[in-house]
Amino acid sequence: MESVMLVLDPDRSEHPDERVLCESYALPFENARLLEKNALTVLNAACSLDGEPYGQETYLVHLQDEVIREVAERGRRCRADIRYRFSCECEVADAELVVETLRCRKIVFNGADISARFGESWFVDRCMKRAAVGDLLRKGENQLILTYEIAPERAFHEVEEVYETERNRYQTEVELESVYVLGTFDVCTDGVKNHLKFLETPDSFRIAPATPKNFHGDLTAQNLFFFRGGFACGLKIERKGEERVTLAFERLTAPCARIRTALGERAVLNGMCECDITDLLQEGENLCELTVYTSNRNLLGPHHHRSGEPQFVGPHTYMGVKGFEDSIKYEHYPESTFRKGCCFVPFGLDDVFVRKYRKRS
């Protein structure tokens, strides 16, 4: 997905009291489509050091410190094989894997060395390389193994109590990150709870055949839990004479949207109820494109914070321990802020209404 900069023009229309509403109706979404492949974030992994049996599979946010602590106790560089597993119910011809490859010595997927498949193509960030694996992905369990060499160093918990400016300089030679599966598929789980500002699911997911989407409403709960990108649809809007035309958005749960016509485009930011598009319309019927953008929040997390949707995010938010981030807005969290299961935010748009105004007589 390309980066997009939206410029919000100030409203240059007359004062609302100078015009009266003469017509209002909902617009159907024509040819609505997703702009990106769906995604699955693999959140758990297990580690094998120097060819020993794999340990227990655990959340990656916890595995990092466990591996660094174990390597430090051995006092030497160790080979670490990090094993990710996910389940698939169907073939996915356009499947891709996304891996942060910088420190990887070897990448093996379902028994095949795919290190050479990762080139310059990237996803979200230039360090997150992508490779096609549709020929290797199979029904049932799929396994990805990333091999690193890890040197002894301090774990994060050992610098937790030092002054913040020093703690913020903490870094490791190797960071264990989630991996991502992309493709035309659904991501299914068993049971979704709807809260006021977020959705809660179990932490087990599986890839399933893609199903049609209802673009009027929340898309996250339609098996697009980790999706990032957006969707686009066509709108037909008619303008007559000197009437002013606005678009009103019902429940826009997205950071922003864009209206594009033959005469230009306009940004719609989250929280805007109505947008004047008169100067983007010609006399008669206009074909417009509406694009609604999501963020990286559902793809990258945080997925496991007890609040469901924390408003201030930092390292502790992901690690599941109480930190300075929690005191910015909340004060009464226990020492552990980690919750089992995953939390996501809604994404979508219920309806778009055309509103037409004429000058007051």
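Index from 1, following the sequence. Just so it is clear, the values below take in all heavy atoms, side chains as well, and ignore hydrogens, waters and symmetry mates.
Other residues sharing a hydrophobic cluster with Val61 under the 4.5 Å side-chain heavy-atom criterion for ILVMFWY residues are Tyr59, Val313, Tyr318, Phe338.
Side-chain N or O atoms of Asn298 include one that pairs as donor or acceptor with a backbone N or O of Val345 at under 3.5 Å. Remark: side-chain polar atoms of Thr291 are not paired, donor with acceptor, to backbone N or O of Ala257 under 3.5 angstrom. Without hydrogens or angle criteria, Thr278 side chain to Val245 main chain gives a donor-acceptor distance under 3.5 Å. Asn270 places a side-chain N or O within donor-acceptor distance of the main-chain N or O of Ala254, the cut-off being under 3.5 Å. In this structure, the side chain of Asn142 does not engage the main chain of Phe109 through any donor-acceptor pair within 3.5 Å. A donor-acceptor distance shorter than 3.5 angstrom exists from the side chain of Lys322 to the backbone of Tyr333, with no hydrogens or angles considered. No donor-acceptor pair closer than 3.5 Å links the side chain of Asp81 to the backbone N or O of Ala46. Asn110 places a side-chain N or O within 3.5 Å of a backbone atom of Leu136 that can act as its donor or acceptor partner. Judged by distance alone, with hydrogens and angles left aside, the side-chain atoms of Asp218 form a donor-acceptor pair with the main-chain N or O of Ala221 at under 3.5 Å. Remark: side-chain polar atoms of Ser121 are not paired, donor with acceptor, to backbone N or O of Arg130 under 3.5 angstrom.
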Exercise. Would Ile145 and Tyr54 count as a side chain to side chain contact (heavy atoms under 4.5 Å, CB included) if you check the C-alpha gap in whole Å, the side-chain angles of each, and the deciding distance to 0.1 Å?
Worked result: CA-CA 11 Å; Ile145 299 176; Tyr54 282 95; 3.5 Å; yes
Exercise. Between Arg244 and Asp276, is a salt bridge (charged side-chain N to carboxylate O under 4.0 Å, His left out) present by the stated rule, with each step listed?
Worked result: CA-CA 8 Å; Arg244 297 206 69 84; Asp276 192 324; 3.1 Å; yes
For this session: Report the C-alpha separation of Glu70 and Arg74 in whole Å, then their side-chain angles, then the decisive distance to 0.1 Å, and conclude whether the salt bridge (charged side-chain N to carboxylate O under 4.0 Å, His left out) test is met.
Result: CA-CA 6 Å; Glu70 177 64 24; Arg74 300 188 182 197; 3.0 Å; yes
Problem set entry | Intermediate values then yes/no, side chain to side chain contact (heavy atoms under 4.5 Å, CB included), Val99 and Leu144 | CA-CA 10 Å; Val99 176; Leu144 174 69; 4.2 Å; yes
For this session: For side chain to side chain contact (heavy atoms under 4.5 Å, CB included), just list the numbers for Asp50 and Cys78, CA-CA rounded to whole Å, side-chain angles, deciding distance to a tenth of an Å, and then say yes or no.
Result: CA-CA 6 Å; Asp50 292 331; Cys78 297; 3.7 Å; yes
Problem set entry | Working for salt bridge (charged side-chain N to carboxylate O under 4.0 Å, His left out), residues Glu274 and Arg355 | CA-CA 9 Å; Glu274 199 167 356; Arg355 291 179 178 172; 3.4 Å; yes
For this session: Show your reasoning for whether side chain to side chain contact (heavy atoms under 4.5 Å, CB included) applies to Arg297 and Glu309.
Result: CA-CA 10 Å; Arg297 190 277 184 226; Glu309 174 54 4; 2.8 Å; yes
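At least one side-chain heavy atom of Phe86 sits under 4.5 Å from a side-chain heavy atom of Val181. Annotation: side chain of His304 is in contact with side chain of Leu43 (closest heavy-atom distance under 4.5 Å). With contacts defined as side-chain heavy-atom distances shorter than 4.5 Å, the pair Arg251/Leu349 does not qualify. Within the 4.5 Å cutoff, the side chain of His303 has no heavy atoms near those of the Cys343 side chain. At least one side-chain heavy atom of Leu40 sits under 4.5 Å from a side-chain heavy atom of Ile207. In this structure, Ile277 and Ile237 have side chains that are in contact, with non-hydrogen atoms separated by less than 4.5 Å. Counting heavy atoms from C-beta outward, Tyr357 and Val20 have side chains that stay 4.5 Å or more apart. Inter-residue side-chain proximity for Tyr148 and Leu176 is flagged as met; some heavy-atom pair is nearer than 4.5 Å.
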For residues 191-200, tabulate all N or O donor-acceptor pairs below 3.5 Å that involve a side-chain atom, not counting sequence neighbours.
unit_1 : atom_1 : unit_2 : atom_2 : d
His195 : NE2    : Glu200 : OE1    : 2.8
Glu200 : OE1    : Arg339 : NH2    : 3.2
Glu200 : OE2    : Arg339 : NH2    : 3.1

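At a threshold of 4.5 Å between side-chain heavy atoms, the hydrophobic network of Ile, Leu, Val, Met, Phe, Trp and Tyr places Phe118 and Val108 in two separate groups. In terms of hydrophobic clustering, with Ile, Leu, Val, Met, Phe, Trp and Tyr side chains grouped at heavy-atom distances under 4.5 Å, Phe227 and Leu290 are assigned to a common cluster. With hydrophobic clusters built from ILVMFWY side chains whose heavy atoms lie under 4.5 angstrom apart, Val179 shares a cluster with Leu97. Phe347 and Leu269 end up in the same hydrophobic cluster when Ile, Leu, Val, Met, Phe, Trp and Tyr side chains are linked at under 4.5 Å. In the hydrophobic clustering of ILVMFWY residues, with side-chain heavy atoms under 4.5 Å counting as a link, Val268 and Leu235 come out together.
Checked for salt-bridge contact, Asp326 and Arg306 miss the test: no charged N lies under 4.0 Å from a carboxylate O.
Around atom CZ of Arg126, no more than 12 heavy atoms belonging to other residues, nucleotides or ligands sit under 6.0 Å away. Within 6.0 Å of atom CG in Asp135, more than 12 heavy atoms from other residues, nucleotides or ligands are found, so the atom counts as buried in its surroundings.
One distance of note links CD1 of Ile150 with SG of Cys47; it measures 6.5 Å at 0.5 Å rounding. Remark: Asp186 CG to Thr211 OG1 distance equals 3.5 Å, nearest 0.5 Å. Summarising the geometry, atom CG belonging to Leu63 is positioned 5.5 Å from atom CD1 belonging to Ile82; distances are rounded to the nearest 0.5 Å. Taken to the nearest 0.5 Å, the CG atom of Leu34 stands 9.0 Å off from the CZ atom of Phe231. Taking CD of Glu265 as the reference point, atom CG of Leu263 lies at 12.0 Å (rounded to 0.5 Å). Atom OG1 in Thr337 sits 9.0 Å away from atom NE2 in His316 (nearest 0.5 Å).
Residue pairs meeting the salt bridge (charged side-chain N to carboxylate O under 4.0 Å, His left out) criterion with at least one member in residues 82-93, sequence neighbours excluded: Glu57-Arg85, Arg85-Glu141, Glu89-Arg206. For residues 281-291, the pairs satisfying salt bridge (charged side-chain N to carboxylate O under 4.0 Å, His left out) are Arg33-Glu289, with sequence neighbours left out. The salt bridge (charged side-chain N to carboxylate O under 4.0 Å, His left out) analysis of residues 234-243, with sequence neighbours excluded, yields the pairs Glu243-Lys356.
The two residues Lys213 and Gln222 make their nearest non-hydrogen contact at NZ-O, 2.8 Å. Leu35 and Ala232 get closest at one heavy-atom pair: CD2-CB, 3.9 Å.
Checked against a 6.0 Å centroid threshold, the rings of His305 and Phe312 do not count as neighbours. Checked against the 6.0 Å centroid criterion, the rings of Tyr180 and Phe226 do not qualify as a close aromatic pair. In this structure, the ring of Phe225 has its center less than 6.0 angstrom from the ring center of Phe344.
For the residue pair Thr261 and Asn286, no side-chain donor N or O sits within less than 3.5 Å of a side-chain acceptor on the partner.
Geometrically, Arg228 does not engage Tyr293 in a cation-pi contact, judged by NZ or CZ lying under 6.0 Å from the ring centre and within 45° of the ring axis.
Partners of Glu100 according to the salt bridge (Lys or Arg N to Asp or Glu O under 4.0 Å) rule, which considers only residues two or more places apart in sequence or in another chain, do not exist here.
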